[in-house]
Number of protein chains: 2
Amino acid sequence: MDKHLHHTFHALGDATRLAVVEQLLKGPASVSELAGPHDMALPAFTKHLRVLEGAGLISSQKKGRVRTCFIQAPTMRDLQGWFAQRQRMWEARLDNLAAYVEDNGKG
Amino acid sequence: MDKHLHHTFHALGDATRLAVVEQLLKGPASVSELAGPHDMALPAFTKHLRVLEGAGLISSQKKGRVRTCFIQAPTMRDLQGWFAQRQRMWEARLDNLAAYVEDNGKG
DNA sequence: TAAATGCTTATCCATTTGGTTAAGTTATTA
DNA sequence: TAATAACTTAACCAAATGGATAAGCATTTA
């Protein structure tokens, strides 16, 4: 359902959702297992899950009355790939500010 | 100024701000150079710059009437490091959903 | 020194976000 | 079959977000 990278970053840009991703990296978990550590009512929490699922960061499957959630490896890989492809660009100038000052005389 | 990772992700979770980061990866630029491609008034745009600066993703320096912006390499490195440290966790289950189905009988 | 350039500050506004409570619905369990 | 467990849906709300416009302020340039 995701298309643009900034949607994926947006989904990670919340403490609750980032914690859920960290937890799911350890393995699948049900909605209530995931909700446990977070001090908020379930409806608020499941909204966060929908944001993560909408961004393609997690997926889920309902069996009986339990919904089990998983990390979506391909999306994590895409994010990592984005940084990997750009790493040389930011390392190229080491410390950008210092490089700028040097290029322009330290005035 | 940043402390928690989700703040950094939040800063990247907007199309305009992500585009600014991409542009700065190519090298330093002034506020108006950065604003050029974006169809919005300057005050709205500079708010985005302040969010990026607050998250430690960019820094800036004013000389005369021109403010020059730079990428902050250490923060980019931190983000990449976060993914690098977790890569094994998501690759461990390849496709999480498939793994779950296998572990539980394909009912 | 007058005008233009490159921001910056202040105020405002509609929409989105992150939360709430109340009331279902669909499995399990006693 | 009655109760409980695990969500789900709906309606609501305060605060944050992303935008606008108007006006101001240094710094160059003519």
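In what follows, every chain begins at residue 1, and chains take the letters A, B, ... in the order their sequences are listed. Computation of the quantities below employed the complete heavy-atom set of this structure, encompassing side-chain atoms and omitting hydrogens, waters and symmetry-equivalent molecules.
Within the 4.5 Å cutoff, no side-chain heavy atoms of B:Asp14 are placed close to those of A:His6. The shortest side-chain heavy-atom distance between B:Gln23 and B:Leu34 falls under the 4.5 Å cut-off.
Between A:His38 and A:Phe45, the ring planes lie parallel to each other; the angle is under 30°, not in the 30° to 60° tilted range. Ring-plane geometry between B:Phe9 and A:Phe9 is classed as parallel, the angle between the planes falling under 30 degrees on a 0 to 90 degree scale with a further cut at 60.
Between the side chain of A:Glu53 and the backbone N or O of A:Ser60, at least one donor-acceptor pair lies under 3.5 Å. Judged purely by atom type and a 3.5 angstrom limit, A:Arg86 uses its side chain to pair as donor or acceptor with the backbone of A:Trp82. Side-chain atoms of B:Ser30 do not come within 3.5 Å of backbone N or O of B:Val66 as any donor-acceptor pair.
Two residues, A:Lys47 and A:Arg65, neighbour DNA chain D, and the one matched to the more 5' nucleotide by heavy-atom proximity is A:Arg65. Each of A:Gly64 and A:Thr16 was assigned the nucleotide of DNA chain C with the nearest heavy atom; the assignment lying further toward the 5' end belongs to A:Thr16.
Contacts of A:Arg17 with the nucleic acid, taken as non-hydrogen atoms under 4.0 Å apart, involve only primed sugar atoms and P, OP1 or OP2.
When DNA chain D is scanned 5' to 3' for any atom under 4.0 Å from a heavy atom of chain B, the first and last hits are D:dT17 to D:dT28. The span of DNA chain C lying next to chain B, judged by atoms under 4.0 Å from heavy atoms, is bounded 5' to 3' by C:dA4 to C:dA10.
With values rounded to the nearest 0.5 angstrom, A:Leu79 atom CG is found 6.5 Å from A:Leu12 atom CG.
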